[in-house]
Amino acid sequence: ILALIAFICIETIMACSPCEGLYFFEFVSCSAFVVTGVLLIMFSLNLHMRIPQINWNLTDLVNTGLSTFLFFIASIVLATLNHRAGAEIAAVIFGFLATAAYAVNTFLAVQKWRVSIRQQSTNDYIRARTESRDVDSRPEIQRLDT
């Protein structure tokens, strides 16, 4: 929502000179809103369960990490090239608020990713132990080994 509000604020600016900072902020806010919105819809509708080949925790972590970094840079650039127009000031404020929101989400995504890595290694250990027990109980495999 903060990315959308920042995008709307930046779109209301009619004249700029130089415009590079404004264009960069516009790109970052629109991209963050669209990508995060798509991921939100996928997670809300459990569509991510249909594609188990993708590490969704890592995908969310990369999205929030990049959005945090790019929003921070874009907000600083827009703040330094600010012409003190009301819409630019509002966009900068919402840009920094979006940076903070994405930073919190990045922290939570790191926590979730670490838990999923631990669960993965535990599952691998259990699977290896189970497979080693299966070898002991199958005499045809034991005969091949000797």
Side-chain angles (χ1 to χ4, degrees), residues 1-138 141 145:
I1 298 297
L2 294 170
L4 177 63
I5 294 171
F7 180 72
I8 291 170
C9 289
I10 209 69
E11 285 299 308
T12 62
I13 297 171
M14 296 298 167
C16 63
S17 177
C19 295
E20 292 81 16
L22 187 130
Y23 293 153
F24 180 60
F25 188 90
E26 180 180 25
F27 168 75
V28 169
S29 59
C30 183
S31 299
F33 173 70
V34 169
V35 172
T36 304
V38 167
L39 288 174
L40 179 66
I41 290 169
M42 290 188 72
F43 287 131
S44 297
L45 299 176
N46 284 330
L47 297 176
H48 66 287
M49 300 301 262
R50 295 182 182 213
I51 310 171
Q53 297 84 1
I54 297 176
N55 185 341
W56 290 103
N57 291 329
L58 185 60
T59 303
D60 187 38
L61 175 61
V62 168
N63 173 54
T64 56
L66 281 174
S67 296
T68 301
F69 177 72
L70 292 175
F71 249 119
F72 183 66
I73 298 298
S75 297
I76 288 174
V77 168
L78 189 62
T80 58
L81 300 176
N82 190 346
H83 296 97
R84 292 181 176 78
E88 285 180 335
I89 294 169
V92 168
I93 290 169
F94 282 109
F96 281 118
L97 289 173
T99 300
Y102 275 110
V104 169
N105 199 5
T106 300
F107 173 76
L108 296 174
V110 166
Q111 298 283 330
K112 189 173 183 181
W113 181 65
R114 285 182 179 168
V115 167
S116 72
I117 292 295
R118 279 191 221 120
Q119 287 175 346
Q120 176 79 22
S121 64
T122 302
N123 290 343
D124 290 345
Y125 174 75
I126 291 170
R127 188 177 314 115
R129 294 281 296 166
T130 304
E131 288 173 359
S132 69
R133 288 186 191 132
D134 289 344
V135 170
D136 295 338
S137 65
R138 296 176 56 194
I141 293 176
D145 288 341

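Because only heavy atoms are used, hydrogens play no part in the values below, and waters and symmetry mates are left out as well, while side chains stay in. The first residue of the sequence shown is numbered 1, and numbering continues consecutively from there.
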Could you tell me whether [X] atom [atom1] has more than 12 heavy atoms of other residues or ligands within 6.0 Å of it?
X	atom1	answer
Phe96	CZ	yes
Ile1	CD1	no
Phe107	CZ	no

As an exercise, state the distance from [atom1] of [X] to [atom2] of [Y], rounded to the nearest 0.5 Å.
X	Y	atom1	atom2	result
Ile10	Phe94	CD1	CZ	12.5 Å
Lys112	Leu61	NZ	CG	11.0 Å
Met42	Ile51	CE	CD1	4.5 Å
Glu88	Leu81	CD	CG	8.5 Å
Ile73	Thr99	CD1	OG1	9.0 Å
Gln111	Asn57	CD	CG	12.0 Å

Any sub-3.5 Å donor-acceptor pair from [X]'s side-chain atoms to [Y]'s backbone N or O?
X	Y	value
Thr36	Phe33	no
Ser75	Phe72	no
Ser31	Val28	no

Ignoring hydrogens, what is the shortest heavy-atom contact between [X] and [Y]? Give both atom names and the distance.
X	Y	result
Ala98	Ala3	CB-N, 4.3 Å
Ala6	Gly95	CB-N, 4.3 Å
Ser29	Phe71	CA-CZ, 3.6 Å

Taking the side chain as everything from C-beta on, heavy atoms only, tell me whether [X] gets closer than 4.5 Å to [Y].
X	Y	answer
Asn55	Trp113	yes
Phe25	Val92	no
Phe24	Leu78	no
Ile8	Leu4	yes

Candidates Val62, Leu58, Thr64 - the one meeting side-chain contact (heavy atoms from CB on, under 4.5 Å) with Asp60: Thr64
State which residue, out of Asn63, Asn105, Thr106, fulfils the side chain to side chain donor-acceptor pair (under 3.5 Å) condition with Thr68. Thr106
